[in-house]
Amino acid sequence: DGGITQSPKYLFRKEGQNVTLSCEQNLNHDAMYWYRQDPGQGLRLIYYSQIVNDFQKGDIAEGYSVSREKKESFPLTVTSAQKNPTAFYLCASSWTGRPNTEAFFGQGTRLTVV
Amino acid sequence: KNEVEQSPQNLTAQEGEFITINCSYSVGISALHWLQQHPGGGIVSLFMLSSGKKKHGRLIATINIQEKHSSLHITASHPRDSAVYICAPYTGNQFYFGTGTSLTVIP
């Protein structure tokens, strides 16, 4: 079955450490996205990529980095420069440039920095 | 500036009630998703709409592109419908998200 997989579901890290969240899809989607969700707030765009080896910053990219070396994979690194990294992180994928595009969403990773 | 406005923010209903959640957006879209998020965080896409109306079981979603408005209806609500429902317009390049409607259905 096609789908999008995020791992791990829960992640704990010490303050000052970088941490990488995984997102893999086997839907042959062009576009992949990373969002952050804080309590009481909507999902906010961190980074997105519409093609391999290319990505764009979203609204809250500071303190994060991404790579898109393969179409299937879009890992997100939360760096030590991110001032408040504890949050729920959600990955999504979709086709681009097509009308009526359906998106698929991962199960999310809840990151807690202590 | 919020591109997506949802109402109500919180909703409590008795089991069996008919529920409506509204979404207004300001961006030009190619499609709109309604998402469901259960406690624990996982998100599921319930509907993808670009016009008219769709129905899956007890769930109905409608969209009026000219008025930039969509609604999600739940008929005969059940406690298992308790979740956060999120409206997500898609522009063709990116998604925008509402802050969600937290629904609690009481037995």
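Letters A, B, ... mirror the listed sequences (proteins, then strands); counts begin at 1.
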Check: What pair of heavy atoms forms the shortest contact from Tyr35(A) to Phe95(B), and how long is it?
Finding: OH-CB, 3.4 Å
Check: According to a 4.5 Å side-chain heavy-atom criterion applied to Ile, Leu, Val, Met, Phe, Trp and Tyr, with indirect links allowed, do Leu90(A) and Tyr64(A) form part of one hydrophobic cluster?
Finding: no
Note to self: Let's go through Phe88(A) and Gln37(B) carefully: what are the C-alpha distance in whole Å and the side-chain angles of both, what is the deciding distance for side chain to side chain contact (heavy atoms under 4.5 Å, CB included) to 0.1 Å, and is it a yes or a no?
What the structure shows: CA-CA 12 Å; Phe88(A) 179 76; Gln37(B) 185 175 29; 3.6 Å; yes
Note to self: Strictly less than 4.5 Å between heavy atoms, which residues of residues 96-107 of chain B line up against chain A? Please order them by number.
What the structure shows: Phe97(B), Gly98(B), Thr99(B)
Margin query: Assigning hydrophobic clusters by single linkage (Ile, Leu, Val, Met, Phe, Trp, Tyr; side-chain heavy-atom cutoff under 4.5 Å), is Phe105(A) placed with Val66(A)?
Written below: no
Next item on the list: Under 4.5 Å heavy-atom distance to chain B, tell me which part of Tyr33(A) shows up: side chain, backbone, both or neither.
Entry: side chain
Margin query: When you group the ILVMFWY residues by side-chain heavy-atom contacts below 4.5 Å and let the links chain together, are Leu46(B) and Ile21(B) in the same group?
Written below: yes
Notebook entry, point to check: Is it the side chain or the backbone of Gln6(B) that comes within 4.5 Å of chain A heavy atoms, both, or neither?
Noted result: neither
Next item on the list: Can you measure from CZ (Phe104(A)) to CE (Met48(B)) and round to the nearest 0.5 angstrom?
Entry: 9.5 Å
Notebook entry, point to check: How about residues 42-52 of chain A versus chain B: which residues have heavy atoms under 4.5 Å apart?
Noted result: Gly42(A), Leu43(A), Leu45(A), Tyr48(A), Gln50(A)
Check: Is Ile4(A) linked to Tyr89(A) within one hydrophobic cluster, defined over Ile, Leu, Val, Met, Phe, Trp and Tyr using a side-chain heavy-atom separation of less than 4.5 Å?
Finding: no
Checklist line | Most contacts with chain A, counted as non-hydrogen pairs under 4.5 angstrom, among Ile86(B), Val44(B), Leu35(B) | finding: Leu35(B)
Check: Are Leu59(B) and Phe18(B) in one and the same hydrophobic cluster, where Ile, Leu, Val, Met, Phe, Trp and Tyr link if side-chain heavy atoms are under 4.5 Å apart?
Finding: no
Notebook entry, point to check: Should we say atom CD of Glu15(B) is surrounded by more than 12 heavy atoms from elsewhere, each under 6.0 Å from it?
Noted result: yes
Item checked: Sequence neighbours excluded - disulfide bond (SG atoms under 2.5 Å apart) pairs with any residue from residues 73-107 of chain B -> Cys23(B)-Cys87(B)
Notebook entry, point to check: Got more than 12 heavy atoms from elsewhere within 6.0 Å of CD, Gln9(B)?
Noted result: no
Only distances under 3.5 Å count here; give the side-chain donor-acceptor pairs of residues 69-76 of chain B to other protein atoms, sequence neighbours excluded, each with its distance to 0.1 Å.
residue: Ser70(B); atom: OG; partner: Trp34(B); partner atom: NE1; Å: 2.9
residue: Ser70(B); atom: OG; partner: Thr62(B); partner atom: O; Å: 2.7
residue: Ser71(B); atom: OG; partner: Asn22(B); partner atom: OD1; Å: 2.8
residue: His73(B); atom: ND1; partner: Thr20(B); partner atom: OG1; Å: 2.8
residue: Thr75(B); atom: OG1; partner: Arg58(B); partner atom: O; Å: 3.2

